[in-house]
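Worksheet: one structure, shown below.
Nothing fancy with the numbering, it's 1 onward along the sequence.
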Amino acid sequence: MISIKDIFLFSYRELKKVRTITTVAMFVALSIILGAFTVPIGNFLKIGFSSLTTVGIGYLFGPIVGSIFGAITDIVKYMMKPTGPFFPGFTFNAIIAGIMYGSILYKKPVSIKRILAAEILVSLICNILLGTLWLNILYGKAFLAILPMRAVKNIILLPINSFMAFVILKFMEQHNLRKNFD
């Protein structure tokens, strides 16, 4: 089994490859396209599937590349279509999500348990806790007032996101897409 230190080291080395940079650029574009299909539900909720690109990058290139991808994607999406004021907390969430997906999925076989673990961590830490905190800071809304609806949304989306991630990563695994980057 690969140590967490080695996972970060291997992921760092991925940054030196032209193929990695070009693939990440294509995934940024794909994330922006998927982000255009985000459905807002009220002022503090939205449903979208652009996070699947972060899952794919984490699986292919690990936590270092995943975190950089998250930051770049968040900033580029905001520059292309600002929705409210820019807030670095959401960029921080994207970085943390990239690290989590990369740490859990990189250089490991695809399994529903592993994907569920990653999705639960990202949903709980980034989406429910930190995301709600950032909205509280940004708009002054009571943390405990918006927390329940954000938690319910994430609980409902957890099996959907996990299933979609599993299907995409299983496809990538079966077609040896990760080996194209080694």
Nearest heavy-atom contact between Leu158 and Ser123 is CD1-OG, 4.2 Å
In terms of heavy-atom contacts, Leu169 and Val110 come closest through O-CG2, 3.6 Å
Between Gly66 and Ile57, the two heavy atoms sitting closest are CA-CG2, 3.8 Å
Margin query: side chain to side chain contact (heavy atoms under 4.5 Å, CB included), that's the test. Do Ile168 and Val55 meet it? Break it down for me.
Written below: CA-CA 9 Å; Ile168 290 168; Val55 173; over 6 Å; no
Between Pro63 and Ser11, the two heavy atoms sitting closest are N-OG, 3.4 Å
The single option from Val167, Asn161, Ile160 that satisfies side-chain contact (heavy atoms from CB on, under 4.5 Å) with Phe163 is Val167
Fill in: Donor-acceptor pair, side chain of Tyr78 and main chain of Gly84, under 3.5 angstrom
yes
Side-chain contact test, heavy atoms from C-beta onward, threshold under 4.5 Å: evaluate it for Pro159 versus Glu119 and give yes or no. no
When rounded to the nearest 0.5 Å, the distance separating CD1 of Ile146 from CG of Asn136 is 6.5 Å
- Message: Determine whether Tyr106 and Phe10 satisfy the following criterion, side chain to side chain contact (heavy atoms under 4.5 Å, CB included), listing intermediate values before the conclusion.
- Response: CA-CA 9 Å; Tyr106 183 56; Phe10 292 145; 3.7 Å; yes
* **Under 3.5 Å donor-acceptor, Ser103 side chain and Met100 backbone** => no
Residue pairs passing the salt bridge (charged side-chain N to carboxylate O under 4.0 Å, His left out) test with at least one member in residues 155-178, sequence neighbours excluded, are Lys170-Glu173
Main chain of Ala94, side chain of Asp74: is a donor-acceptor contact present, judged purely on distance under 3.5 Å? no
- Can you label the angle between the Phe87 ring and the Phe90 ring as parallel, tilted or perpendicular, going by 30° and 60°? perpendicular
When rounded to the nearest 0.5 Å, the distance separating OH of Tyr12 from CD1 of Ile68 is 9.0 Å
Indicate every side-chain donor-acceptor pair of residues 18-35 with a distance under 3.5 Å to a residue at least two apart or in another chain.
from: Arg19; atom 1: NH1; to: Asn180; atom 2: O; distance (Å): 2.5
from: Thr20; atom 1: OG1; to: Glu14; atom 2: O; distance (Å): 3.0
from: Thr20; atom 1: OG1; to: Glu14; atom 2: OE1; distance (Å): 3.4
from: Thr22; atom 1: OG1; to: Val18; atom 2: O; distance (Å): 3.2
from: Thr22; atom 1: OG1; to: Arg19; atom 2: O; distance (Å): 3.0
from: Thr23; atom 1: OG1; to: Arg19; atom 2: O; distance (Å): 2.7
from: Ser31; atom 1: OG; to: Thr53; atom 2: OG1; distance (Å): 3.4
from: Ser31; atom 1: OG; to: Lys77; atom 2: NZ; distance (Å): 3.2

Hey, can you pull the donor-acceptor pairs under 3.5 Å for the side chains in residues 126-133, sequence neighbours left out?
from: Asn127; atom 1: ND2; to: Asn154; atom 2: OD1; distance (Å): 3.0
from: Thr132; atom 1: OG1; to: Ile128; atom 2: O; distance (Å): 2.4
from: Thr132; atom 1: OG1; to: Arg150; atom 2: NE; distance (Å): 2.9

I would like to know whether Tyr101 and Leu121 meet side chain to side chain contact (heavy atoms under 4.5 Å, CB included); could you show each step before the answer? CA-CA 9 Å; Tyr101 285 126; Leu121 278 173; over 6 Å; no
Value for CD1 (Ile95) from CD1 (Ile72), rounded to nearest 0.5 Å, stands at 10.0 Å
